[in-house]
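Working notes, beginning with the structure itself.
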Amino acid sequence: MIKIERREDCSGCTACASICPVDAITMRPDSEGFQYPKVNEKKCIECHLCERVCPIANRKMEQTKQQDAYLFQLKNKTLRMESTSGGAFTAIAAQFIREGGVVYGAAYDEDLQVIHMRVDSIEDLRKFRNSKYVQSNLGNVFREIRDLLKGNQKVCFSGTPCQVEGIKSFLGKLCITDNLLLVDFVCHAVPSPLFWWKYVHWQEKKLSVKIGNVRFRDKRHYGYKYSQMVITDENGGERYHQGVESDPYLRAFFSNLSDRPSCYSCAFKKRYRESDITLWDCFDVGLKAKTLDDDLGTTNILVQSERGAEWIAKLTDDIIMIPIDADICVAGMRELVCSVPYTEKRAAFMKDVADKDMQEIIDIWLPNNFKIKLKKFLRRALIRLDIYDSMKKKLMKMRINNSFDNKHS
Ligand SMILES: Cc1cc2nc3c(=O)[nH]c(=O)nc-3n(C[C@H](O)[C@H](O)[C@H](O)COP(=O)(O)OP(=O)(O)OC[C@H]3O[C@@H](n4cnc5c(N)ncnc54)[C@H](O)[C@@H]3O)c2cc1C
Ligand code: SF4
Ligand code: SF4
Ligand code: SF4
């Protein structure tokens, strides 16, 4: 039976719990709020399926293959604004639904916790738009998808690379069907659901509202280049917005303090993936295709399989999609291939997340001090003076040049 000796060796993908024939495995949160499998030894029949299905214990060798790449934008500006980058996921999922399929992705439940759910109408795809920087709870979704595929239903599953490899391993031969489409993205890491829960409740108290929605990557204030964490109330009224340098939740995430242990040595960081399509942000669109540089968001699309290519070829209406050399598309994209660095502070930070309330965590780890206020002031000043964008482009150019230098040295 599966034994997790090091917490970094489990991404919480649920494949082991889903495959167990006697339901001996349940997913339970640890003290940091991350889900891990727990085996009921009395029920276990020692079939070893859980060990064989685990995508970390049975890591797949990366195999190079032909890849096509595209820059993508939805023409519908409202939908693009709602999306994290260019709205490629909405276009792919909508096409899937038009052809009679159902789509699985990450959305909020009624308590603003992030869960995977199924959608079968184009209107409901809004629940999936915009990245949620929290590990989603997969619940029983893998088994649901297996049953749908057995019933000849078309299914599109989108998730983190570890979730995609988990479901692929769980489905085994059922994956061969053309009825399944797997979409993953470049994944920085996923933060703790417990930290998220504490943040949401802290904000509700501070803002004295029942929160209706949280958008991690809202472009309305300062565009795509400097998106904001935006909180709205139940009537859709905006109550809060802060950037990546000021909001405590985002600060912890981008300082790599709150991530799942497996994210610091991620087994799924690679260019040639098990998914059919990989999506990510195109912040350097001005360097790749000047005409698309409108600060409303662009998606990079990397096609990983023939099935992925077939679905991408179906996207024709109300979109802008420009082919681009795949090597150029991935150049400088560190998060595609490298894990986030482990910081020694993480253990102490997460211990406080487990033990303390959010205000105490902020006072100790994330105070809104002079340095933070100065950073925020400088960013906003650079935007007002219209030089933020050109500075960001110079940084992106350096990153791309460095990646080419490293490749050829
Ligand atoms: C946790 C996380 C980390 C990311 N890290 C990077 C990064 O380092 N660099 C980069 O360029 N891009 C990153 N992305 C991807 C990027 O944010 C966009 O999702 C991507 O550009 C596609 O945008 P879109 O406009 O096509 O669709 P979107 O509007 O982003 O569509 C959202 C899709 O993401 C899925 N999703 C949202 N939140 C989660 C979640 N918590 N777990 C699983 N699936 C989720 C939804 O189900 C939906 O399929 C990350 C996304 C997430 C969720
Ligand atoms: S060995 Fe088989 S029965 Fe035991 S927990 Fe694993 S899958 Fe379940
Ligand atoms: S990575 Fe997935 S399959 Fe492996 S132990 Fe964790 S939950 Fe189970
Ligand atoms: S960084 Fe790796 S382990 Fe962490 S959520 Fe992303 S794919 Fe999974």
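Each ligand, and each atom within it, is numbered from 1 in the order the structure gives.
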Just which atoms of ligand 4 are under 4.0 Å from any heavy atom in [X]?
| X | value |
| --- | --- |
| Ser262 | 3 (S) |
| Cys187 | 1 (S), 5 (S), 6 (Fe) |
| Val190 | 5 (S) |

Legend entry - Those atoms of ligand 2 less than 4.0 Å from some heavy atom in Val22: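 Here the atoms of ligand 2 in question are 3 (S).
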
Inset, instruction - Check each atom of ligand 2 against the heavy atoms of Ile25 and keep those under 4.0 Å away; list them by number with element. - result: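 So the answer, numbered in order with elements, is 5 (S).
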
Inset, instruction - Please determine if atom 4 (Fe) of ligand 2 has an N/O/S atom from Cys50 lying under 2.8 Å away. - result: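 Within the cut-off used here (under 2.8 Å), Cys50 places no N, O or S atom near atom 4 (Fe) of ligand 2.
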
Verify the distance criterion only: is there a donor paired with an acceptor across the side chains of [X] and [Y] at less than 3.5 Å?
| X | Y | value |
| --- | --- | --- |
| Ser192 | Glu32 | no |
| Gln113 | Ser136 | no |
| Gln359 | Trp202 | yes |
| Tyr70 | Asn300 | no |

Inset, instruction - Take atom 6 (Fe) of ligand 3 and tell me which protein N, O or S atoms are nearer than 2.8 Å. - result: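 Only Cys10 SG fall inside 2.8 Å of atom 6 (Fe) of ligand 3.
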
Inset, instruction - Please identify each residue that fulfils side-chain hydrogen bond (donor to acceptor under 3.5 Å, both in side chains) with Arg146, with sequence neighbours left out. - result: none

Legend entry - Set of side-chain hydrogen bond (donor to acceptor under 3.5 Å, both in side chains) partners for Glu306, sequence neighbours left out: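 Counting only residues at least two positions away or on another chain, Glu306 forms no side-chain hydrogen bond (donor to acceptor under 3.5 Å, both in side chains).
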
For [atom], what is the nearest protein heavy atom, given as residue, atom name and distance?
| atom | answer |
| --- | --- |
| atom 2 (Fe) of ligand 2 | Cys47 SG, 2.3 Å |
| atom 3 (S) of ligand 2 | Ile45 N, 3.3 Å |
| atom 8 (Fe) of ligand 2 | Cys20 SG, 2.4 Å |
| atom 4 (Fe) of ligand 2 | Cys44 SG, 2.3 Å |

Inset, instruction - Applying side chain to side chain contact (heavy atoms under 4.5 Å, CB included) between Tyr133 and each of Leu250, Val214, Val190, report the one that passes. - result: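 Output: one option passes, namely Leu250.
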
Beyond-backbone contact of [X] with [Y], side-chain heavy atoms, under 4.5 angstrom:
| X | Y | answer |
| --- | --- | --- |
| Cys50 | Cys20 | no |
| Arg220 | Arg215 | yes |
| Ile145 | Tyr104 | yes |
| Asp120 | Val103 | no |

Inset, instruction - Between Lys38, His48, Glu51, flag the one that comes closest to atom 1 (S) of ligand 2 by a heavy atom. - result: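 Going through Lys38, His48, Glu51 one by one, His48 has the nearest heavy atom to atom 1 (S) of ligand 2.
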
Inset, instruction - Under 4.0 Å, heavy atoms only, figure out whether ligand 2 is touched by the backbone of Ile19, its side chain, both or neither. - result: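 None of Ile19 does.
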
Inset, instruction - May I have all residue pairs that pass side chain to side chain donor-acceptor pair (under 3.5 Å) and include part of residues 249-258, sequence neighbours excluded? - result: His188-Asn256

